[in-house]
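Written below as structure tokens is the structure these notes are about.
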Amino acid sequence: MTSHGATRTAPSQVEDLHTERFEHLRAVFDSVDATSGDSELMERVAEEFPGPDDDPRAVILAFRDLLRVEERPERFRRLLRAWSSKVVAAVRKGDFPVAGVWMRAVTEAPVFPAEFIVHVNDALRDLSRSDILDELVTLLSKSERPDEAAALLSAWGEPLVQYLIDAMTLDEPPVNRRHLVEYLTMVGRSDVRYITPWLRDHRWFIVRNVAIAVGNTGRESGVPALMAVLDHPDDRVRVEVIRALATLEGEEAVPMLSKALADPSQRVRNGALSLLRSIPTDEVVLRVADHLATGRATPDDARRLVKVIAERSTPAATEALHRMAGKRFAVGAEKVARDHARLALERRR
């Protein structure tokens, strides 16, 4: 007896209960005719282990127990066919949370024998056919709550990532490419390593879209992979990479963004300037002032960079403006910076 008066079940009794449960599950499984539809198997399990209509956990726990004890390959494959049918049925109903629970029943924390992984991979490959995934993303794009599919997409993993990447290459993808990037982000939030390898793809638009997705995951573990493509030859990629890094690193991205002010592409320089403007730290003032002092800025960039400093009322900003305004000899961009610094100081008086 416990201190609260509850009877403690002996270990041997617990083992007997588990054995009884497994034997009962096997009996239920074996009672389903081999020629009947795979959905009948799950219906029989549901009858034996009922739960609330909107809660599939009891059936899923029983299903995982079947996976745990089943040693017959042909029967194990039948279980996987029944599993696939439950995932697809939930997707077609638009019940993405339930589809996610069913997907995770097999793809996460596996309970089946290691040698059966080949059958699981086959089942997942069949479940990841383009017609099924076309249906999934189309339904998702029409859903008012696509975020409810986050668990489903993350559990689907690599096969879904491959499908989303392939869809981006089509002239007419099943949904807008913006949705494809959104779904790629949802996969990457669980493990950004699903998507970072695609930053090494040879197609610039794939790298750009993946960079956007990595930034949107919020996973700082994606930073090294982004840094590796910071000097990508296409400026459309570089601008999205610096945006993603700024999103993930915040103030720590200031040195990287300051270097981007010297990028040969106006697109990248504009992006870096806009991102620096949104970061409130005084390090932005110091880095921008140092860049202006190099004389490498264009006259137009110099004007806008002085504005970044002038918008701030900190002592560091005021001091930087005085230094620029006090230059006696200046030409080109330095003269533009000096003149606008003087104007900014006059407005403060």
Side-chain angles (χ1 to χ4, degrees), residues 140 146-158 160-162 164-165 168 176-288 290-291 304-305 308 311-312:
L140 265 178
D147 56 299
E148 290 185 342
L152 170 64
L153 301 190
S154 63
W156 214 306
E158 290 182 9
L160 178 61
V161 171
Q162 180 68 64
L164 294 171
I165 295 294
M168 291 176 186
N176 188 291
R177 288 183 178 85
R178 173 178 59 81
H179 291 303
L180 297 175
V181 174
E182 178 186 351
Y183 306 149
L184 203 62
T185 299
M186 293 165 73
V187 177
R189 284 196 182 115
S190 66
D191 189 341
V192 76
R193 292 173 297 180
Y194 279 132
I195 62 178
T196 49
W198 291 98
L199 289 170
R200 299 193 294 268
D201 196 85
H202 66 280
R203 295 161 292 189
W204 72 268
F205 59 93
I206 295 295
V207 182
R208 178 199 61 189
N209 290 345
V210 173
I212 295 170
V214 172
N216 290 340
T217 64
R219 297 291 184 181
E220 290 188 28
S221 53
V223 167
L226 288 167
M227 292 295 291
V229 290
L230 195 53
D231 59 350
H232 194 279
D234 195 296
D235 66 345
R236 291 166 292 188
V237 172
R238 295 200 301 277
V239 74
E240 296 303 339
V241 169
I242 65 170
R243 284 176 181 157
L245 286 168
T247 299
L248 295 177
E249 293 194 296
E251 293 183 3
E252 294 180 12
V254 170
M256 176 274 299
L257 293 172
S258 301
K259 290 181 181 178
L261 293 173
D263 194 278
S265 166
Q266 185 68 56
R267 185 200 305 265
V268 178
R269 296 199 302 273
N270 289 347
L273 188 150
S274 176
L275 291 164
L276 285 167
R277 175 173 280 159
S278 67
I279 299 174
T281 177
D282 272 343
E283 187 180 0
V284 170
V285 172
L286 301 176
R287 296 275 184 172
V288 168
D290 287 346
H291 177 69
R304 292 184 298 138
L305 287 167
V308 170
E311 289 172 344
R312 305 178 186 225

### Message
Counting C-beta onward and ignoring hydrogens, is there a side-chain heavy-atom pair between D234 and V207 closer than 4.5 Å?
### Response
no
### Query
Can you list the steps and then say if D263 with I242 is a side-chain contact (heavy atoms from CB on, under 4.5 Å)?
CA-CA 11 Å; D263 194 278; I242 65 170; over 6 Å; no
### Query
Less than 4.5 Å apart, any side-chain heavy atom of V223 and any of E249?
yes
### Message
Counting C-beta onward and ignoring hydrogens, is there a side-chain heavy-atom pair between S265 and R236 closer than 4.5 Å?
### Response
no
### Message
Using every non-hydrogen atom in the two residues, find where T281 and V254 come nearest and quote the distance to one decimal.
### Response
CG2-CG2, 4.1 Å
### Query
For the atom pair CG (L160) and CG (L184), what is the distance rounded to the nearest 0.5 Å?
8.0 Å
### Query
Which heavy atom of A211 sits nearest a heavy atom of L199, and at what distance?
N-CD2, 3.7 Å
### Query
Any side-chain heavy-atom pair from W198 and Q162 closer than 4.5 angstrom?
yes
### Summary
Sorted by chain and residue number, the salt bridge (charged side-chain N to carboxylate O under 4.0 Å, His left out) partners of R312 (sequence neighbours excluded) come out as none
### Task
Working to the nearest 0.5 Å, report the span between CG of L180 and CG of N209.
8.5 Å
### Message
Minimum heavy-atom separation for I279 and V284, please, with both atom names.
### Response
O-CG2, 3.5 Å
### Query
Do D201 and V210 have side-chain heavy atoms sitting under 4.5 Å apart?
no
### Task
Identify the two heavy atoms, one from T247 and one from G215, that lie closest to each other, and give their separation to 0.1 Å.
CG2-O, 3.5 Å
### Task
List the atom of L140, the atom of A149, and the distance in Å for their closest heavy-atom pair.
CD2-CB, 3.4 Å
## Note on the structure
Between L305 and H291 the two heavy atoms that sit nearest each other are CD1-CD2, 3.7 Å
### Query
Does G271 offer a backbone N or O that forms a donor-acceptor pair with the side chain of S274 under 3.5 Å?
no
### Message
For the OG1 atom of T185 and the CG atom of N216, what is their distance to the nearest 0.5 Å?
### Response
4.5 Å
### Message
With a sphere of 6.0 Å drawn around CD of E158, does it hold more than 12 non-hydrogen atoms of other residues, nucleotides or ligands?
### Response
no
### Task
Report the distance from atom CG of L164 to atom CZ of R177, rounding to the nearest 0.5 Å.
12.5 Å
### Task
Could you check if a side-chain atom of I195 sits within less than 4.5 angstrom of a side-chain atom of T217, using non-hydrogen atoms only?
yes
### Message
Nearest 0.5 Å, please: how far is CZ in R200 from NE2 in H232?
### Response
12.5 Å
### Query
Heavy-atom count around R193 CZ within 6.0 Å, excluding the residue itself: above 12?
no
#### Entry: Partner residues of E251 under the side chain to side chain donor-acceptor pair (under 3.5 Å) criterion, sequence neighbours left out
none
### Query
How far does OG of S258 sit from CG of L275, to the nearest 0.5 angstrom?
11.0 Å
### Query
Is there a donor-acceptor pair closer than 3.5 Å between any side-chain N or O of R238 and the backbone N or O of D231?
no
### Message
List the residues meeting side chain to side chain contact (heavy atoms under 4.5 Å, CB included) with Q266, not counting sequence neighbours, and say none if there are none.
### Response
R269, N270, D301, R304
